[in-house]
Every structure is written in structure tokens, then in C-alpha cells.
Amino acid sequence: MNILGIETSCDETGVAVYNTETGLLGHSLYSQVILHAEYGGVVPELASRDHIRKLSPLIHEVLEKSSLRLSELDGIAFTRGPGLMGALLVGTSLGCSLAFSLGIPAIGVHHMEGHLLAPMMEKNSPPFPFVALLVSGGHTQLMLARAVGQYEILGQSVDDAVGESFDKTASLLGLGYPGGAALARLAEQGDPDRFTFPRPMTNRPGLDFSFSGLKTFAMNTLRNNTDEPGIKKNIAAAFQKAVVETLVDKCQRALRQTGYQALIVAGGVGANKCLRERLVIEAEKSGTQVFFPSMALCTDNGAMIAYAGALRLSAGQQDDTNLAGRPRWSMEGLTALPQNSG
Amino acid sequence: MSEKPHPVKILALDTTQEYCSVALSVDDALIWREELAPRSHTELILPQVQAVLAEAELRLNQLDALAFGRGPGSFTGLRIAAGVVQGLALGADLPVAPVSSLAAMAQGFYRENSTATHINAAFDARIGEVYWGNYALIEGIMQSMGDEAVSAPDDLLLPATGGWYAIGSGWAAYPQMQHRLAARLVKTIPETAPLARDIIPLADKIFRAQQAVSAEQALPVYLRQKVARTIRERTADRS
Ligand SMILES: Nc1ncnc2c1ncn2[C@@H]1O[C@H](COP(=O)(O)OP(=O)(O)O)[C@@H](O)[C@H]1O
């Protein structure tokens, strides 16, 4: 089966075709990062306007890359939520009506399930059950995954998402928006031990996170040491070290608590090199395994939506013609797949 | 005597205002569905499409063209219409006629009031502005006289000629327009809205003039371009 995947939940328009026998046939991504940068954050109305302009051309582009005609598609998957309502509606409207006019099934996918399943597209694919660390601009969650559609939230951020905290701290350091990746690059040159940032919520039991204090700590550190040479790179390094150690600590706890052997990491912050390296080291130490999606599939993309949709469509699930988006939608409410499928 | 032009099969849809509506023209007959359902467009639109096609016993790819209310109107509504029409057009390989929702509303008012040949159509655009356009009847079709605009109510203008009908929510939102322009107005009827069946004659004209576009060019026309302020603009304001 050839499944077209459409992602429009935030500020990236993503399209891909996934073939259930041969894997990813083609994918394209149009990022709006530059558009929103001069506003200092994603402007929902502008994001929606860009999605409706870019989505159809991207579909053509991906079909061409995949050497497919529209008539060779067997199903369409689109992100139904969570995300920005207006942005979601572009994908649901176009995706659902395209499926309707081609006479093929359509399915609305949970964006975070897309992220969570993304590592399963790799050759070295994690076996269920596993613990998932979902870290993006809008989410920080530790999830227990028993099977496709069977998830339980183990812990989550009580305030800022980790990507958000990277971005806010980056903007404090004058790195623009969204500056998570730029902060990570700057951190490589800094001394992570010049300052000691707190490791929020690691001194008590539980799997929840809190990141808003780190950005405040960064702000105060900058204010109190403005004239110190290399202050910004040292703050970046210390901030990143604190975030990474906190995430690693909670992942280890989650693995111990569940007794599971595998950890998967997904979402934009999963592209962070330091986080990846530390998780690999910890996995080796504890005799567990850690899985990541390829760098290109860490941030929002159409491939993960095509893949998650393909699993559900091949198990016989499909949605009706309702175009409604679900801006807020818990992963715990998803339906499980029938046994032995996917 | 010229021959009657052969009928064109067009499916039109509109979700720009509070009505969700679909219409299908087949051999001079018109089939439609319309529902006043401010927040249910996403649920209603495809079933409405399905219903009119079933009633006409037609498949999408037997049609000649699609059409949609391209705006102005609710931004989200415009994109639902554009998204749906793009998806249908891609899948069935059909051209699309984008139609002004203000012109469609004027066309609908004329359908019900055959003496109304000069119409100002205006939607409430919120934040102290109005979307508007002036239309005159030419060969049975409401045609735009100049560009459509978004402006302060005080900047809505009527040509000097003709007795004008003022229609649409804009006239209820800003009663001062009626006072200012009373001398040129025949009547003010704010309780009017665009419907898909009134898109059909306008779309038919666009299609016959070979001005229909491809799916990816079936885009909303918002009129309002400035929707947020950049960091630079915000800091300039503060100092
Ligand atoms: N190398 C990196 N290190 C830390 N954060 C990163 C890195 N690369 C991307 N990010 C962050 O990832 C987030 C975007 O991830 P994504 O999964 O696209 O999020 P969302 O779906 O919430 O928009 C941003 O906050 C960005 O700053």
C-alpha cells in the first residue's frame, strides 16, 4: 500500500509517501521558520496561510520524487491534532477531500504518535514494549508504549516544554527564534562547568519535568556576569548540560520503573547531539537499548504521519469525512490496533 | 440568434460565513444543500458534497469544474473551502473557479430581488473594519465595479450613479455608513449571506472565459494582509 502523509500542525508543511512493503518512497518539508522569525514566535494565522499555499505543490513534488501518480495511492493520512487549529484544518480539509475524490480511505493521525513511531521506520527498529521520550517545541513527555495505540503517560513537563525552554534561553542569548539548534551549537564551544544550573525535580521521586526555572536561572546568570568573556557560550553549555542530565536521569528512572529494555527518543530536541551521546552511554552502562529516528525525521515531517497512518490503515482502521481538527488530544485516548497487525 | 451554450456541470461550495453550502448545476437544474451552522462546517461539507452528487447520480470526474467562495470572510472558513476544493480538484483532475463571496452574496440578493441591479455588499471584518465591494448587473451576472477592499467604515465608497442596495453584515455592524450614504441608498438589508448556489452563475462565467485555475492556485483571498506585528514594530511602538 502507498500511503500519502500530510503534516500541517504547526510551522512546517510536510508531505511523504510510505509504502508498506518497501518503506519511505519520498518526502518533502517546507519550513516556515524564516517567516515567523521576525515575529519572535509562530503566528498561527500566518502559519495557516502558508500551509494552504504550500501543501498542494508539495504533494505534487513528493509524488514526482516517489515516481507515483495520484491514482496509485491507497490511502491518505493527515495530522488531526494536537496543534494549531487553523493549521491543522488545512491538512484535514485537503487530505480528507483528496481521499474522498480518489475513493480511498483517510485517517487522522495523532501528531505525537507520529513522532513516537518514527524510529520504527529505521532499519534498527525498536520492539514493543518500550519507553518513549517525546521532546519537542510543544511537548515533554515520558510515555509507556505497549503496542501501537496503547500508551500511558508516565510523566510530563509541569510548565515549559523542553524545546520551548531551549528556544527561550536561546532568545535570551540573542540567538534568534527558534534558537534551540543554535544554542546547542554554541554550547559545544563553552565550558559546561563554569556555572552549575539546577537539575529540576531530580531530587524527588516521579517522572515529571519542570524547565521554566532553567531559563530564569540563565537570565540571572547572564545579568550577574555580563562582562565575563565567553559568558554566553558558557551559559549555553551549562544550560544544555542541565537539561540533558535531567532528561537522562528521568529516562533511566522510567526504564527501571517499567522494567522495559528499550528507550526511544523522538521530537525536535531528539536531534540534540549531546542528548543522543549521553543516552547511548547510559544505555551501554545499564544494558538497555536506545533508538532514535534519523536526524531528518526528528522534527515535524510528513513521513512519520504517513507511517503511523499506514499502520492503522493496513489494520483496517479508517475515518469518516469529518474534517475537524483536534488541537488538544491526549495520546492515552487513542485506539489500539487489532492484535497481530502492523 | 446564437445557440444556447451547452450546460456546464459545476460543483460549488461556500464556507466563508455562517452558512455551510454546496450546489451542483446539471443540465440547467440546480441541486443544493445549505445549513446555517457556524461551527459545524468541518462536519457538514463533505457529506453535503456527497449528497448532491448522489442526487444527481454523478461522480466528481464527470463534472466540468469546481468552484468555491474564495473570500473575503472568516479566515478559517476560507481555508476550509480552499482546502476541500483543492483536494477534490487534485483527485478528480478538475479546474477550479474561485468566486468572490461578496459577489456571490450580491448575486443571491439579485436572485430574490430582480430590481436590485446595483448592490454594495459588505461583511463585518471586525477590529473596526469592513470588507466591501460594489456590484452591477451585466447580462444577468453581478459584476464587480472596481476592486474589493477592507477599510474603515468611513472609507466605504459608492459610485455617484444608480440607486444602491446595501447588503451584508457590514451594514449592521457600522450603522454610520447608512447615515452617511443615505442619499444614494434604496434600501439596507444586513441579513444576507453568500450561498453556494449563487456561486454557480459567477463560476460558469469564469469557466467559459477559460479563467478557471488549477488546484494549487485555488487560494483564499483574505483582503486583510496585516495580521501580526513583527518584533521590530513592537519595539518601535514601545519607545
Ligand atoms: N539540536 C537541538 N537541540 C535542542 N533543541 C533543538 C535542536 N534542534 C531542534 N530543537 C528544538 O526542537 C523544537 C522543534 O521540534 P518539533 O518536533 O518540530 O516541535 P513541534 O512539533 O513542537 O514544533 C524547537 O523547540 C527547537 O528549538
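Proteins get letters first, then strands, A, B, ... in listed order; numbering begins at 1 in each. FYI, side chains are in, hydrogens and waters are out, and symmetry mates aren't considered; it's all heavy atoms of this structure.
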Revision key, fill the gap. Okay, B:L60 and chain A: the region with an atom under 4.5 Å from a heavy atom over there is side chain
Exercise for review: Can you see which heavy atom on A:R53 is nearest to which on B:L219, and at what distance?
Suggested key: CA-CD2, 4.0 Å
Review point. If you look at every heavy atom in A:Y39 and B:I231, which pair is closest and at what distance?
Key: C-CG1, 3.6 Å
Check your understanding: In terms of heavy-atom proximity below 4.5 Å to chain A, should B:Q217 be classed as side chain, backbone, both, or neither?
Key -> neither
Point to revise | Over 12 non-hydrogen atoms of neighbours within 6.0 angstrom of NZ in B:K205 | key: no
Practice item. Output the distance between atom CG (A:L323) and atom CG (B:L46), rounded to the nearest 0.5 Å. Key: 5.0 Å
Review point. Among A:K54, A:H60, A:H36, which has the most heavy-atom pairs under 4.5 Å with chain B?
Key: A:H60
Point to revise | Closest heavy-atom pair and its distance - A:S97, B:L88 | key: O-CD2, 3.6 Å
Review point. Given the options A:G41, A:P57, A:S48, A:G40, which has more heavy-atom pairs under 4.5 Å with chain B than any of the others?
Key: A:S48
Study note, to complete from the structure: So, the part of A:L70 with a heavy atom under 4.5 Å from chain B: the answer is side chain
Check your understanding: Would you say the side chain of A:L55 lies within less than 4.5 Å of the side chain of B:Q86, judging by non-hydrogen atoms?
Key -> no
Check your understanding: So which part of B:R59 gets closer than 4.5 Å to some heavy atom of chain A, the side chain, the backbone, both or neither?
Key -> neither
**Study point:** A:S56 (side chain) donor-acceptor with B:E216 (main chain) under 3.5 angstrom
**Key:** no
Check your understanding: Of all heavy-atom pairs between B:G87 and A:S101, which one has the smallest distance, and what is that distance?
Key -> O-OG, 3.4 Å
**Study point:** Closest approach of B:G91 to A:L98 (non-hydrogen atoms, all atoms of both residues)
**Key:** N-CD1, 3.5 Å
**Study point:** Within 6.0 angstrom of B:Q210 CD, more than 12 heavy atoms from elsewhere
**Key:** no
Review point. Is the CD atom of B:Q176 crowded by more than 12 outside heavy atoms at less than 6.0 Å?
Key: yes
**Study point:** B:R111 atom CZ, over 12 foreign heavy atoms within 6.0 Å
**Key:** yes
**Study point:** CG-CG distance between B:L90 and A:L94, expressed to the nearest 0.5 angstrom
**Key:** 6.0 Å
Exercise for review: Kindly check if the number of other-residue, nucleotide or ligand heavy atoms within 6.0 Å of OH (B:Y19) is above 12?
Suggested key: no
Review point. So which part of A:H51 gets closer than 4.5 Å to some heavy atom of chain B, the side chain, the backbone, both or neither?
Key: neither
Check your understanding: Can you say whether A:A37 sits under 4.5 Å from chain B via the side chain, the backbone, both, or neither, judging by heavy atoms?
Key -> backbone
Check your understanding: Looking at B:E233, B:H41, B:E43, which has the largest count of heavy-atom pairs under 4.5 Å with chain A?
Key -> B:E43
Exercise for review: Answer yes or no: does atom CG of A:N220 have more than 12 heavy-atom neighbours from other residues, nucleotides or ligands under 6.0 Å?
Suggested key: yes
Check your understanding: Quick check: are there more than 12 heavy atoms from other residues, nucleotides or ligands sitting under 6.0 Å from CG of B:D154?
Key -> yes
Check your understanding: Taking all atoms of both residues into account, what is the closest heavy-atom pair of B:R79 and A:V90, and its distance?
Key -> CD-CG2, 3.9 Å
Check your understanding: Are there more than 12 heavy atoms of other residues, nucleotides or ligands under 6.0 Å from atom CD of A:E64?
Key -> no
Check your understanding: Quick one: OG1 on A:T92 to CD1 on B:I80, what's the gap to the nearest 0.5 Å?
Key -> 7.5 Å
Study note, to complete from the structure: Cut-off 4.5 Å, heavy atoms of chain A, and the answer for B:L78 is neither
Check your understanding: How many angstroms lie between atom CD1 of B:I45 and atom CZ of A:F100, to the nearest 0.5 angstrom?
Key -> 10.5 Å
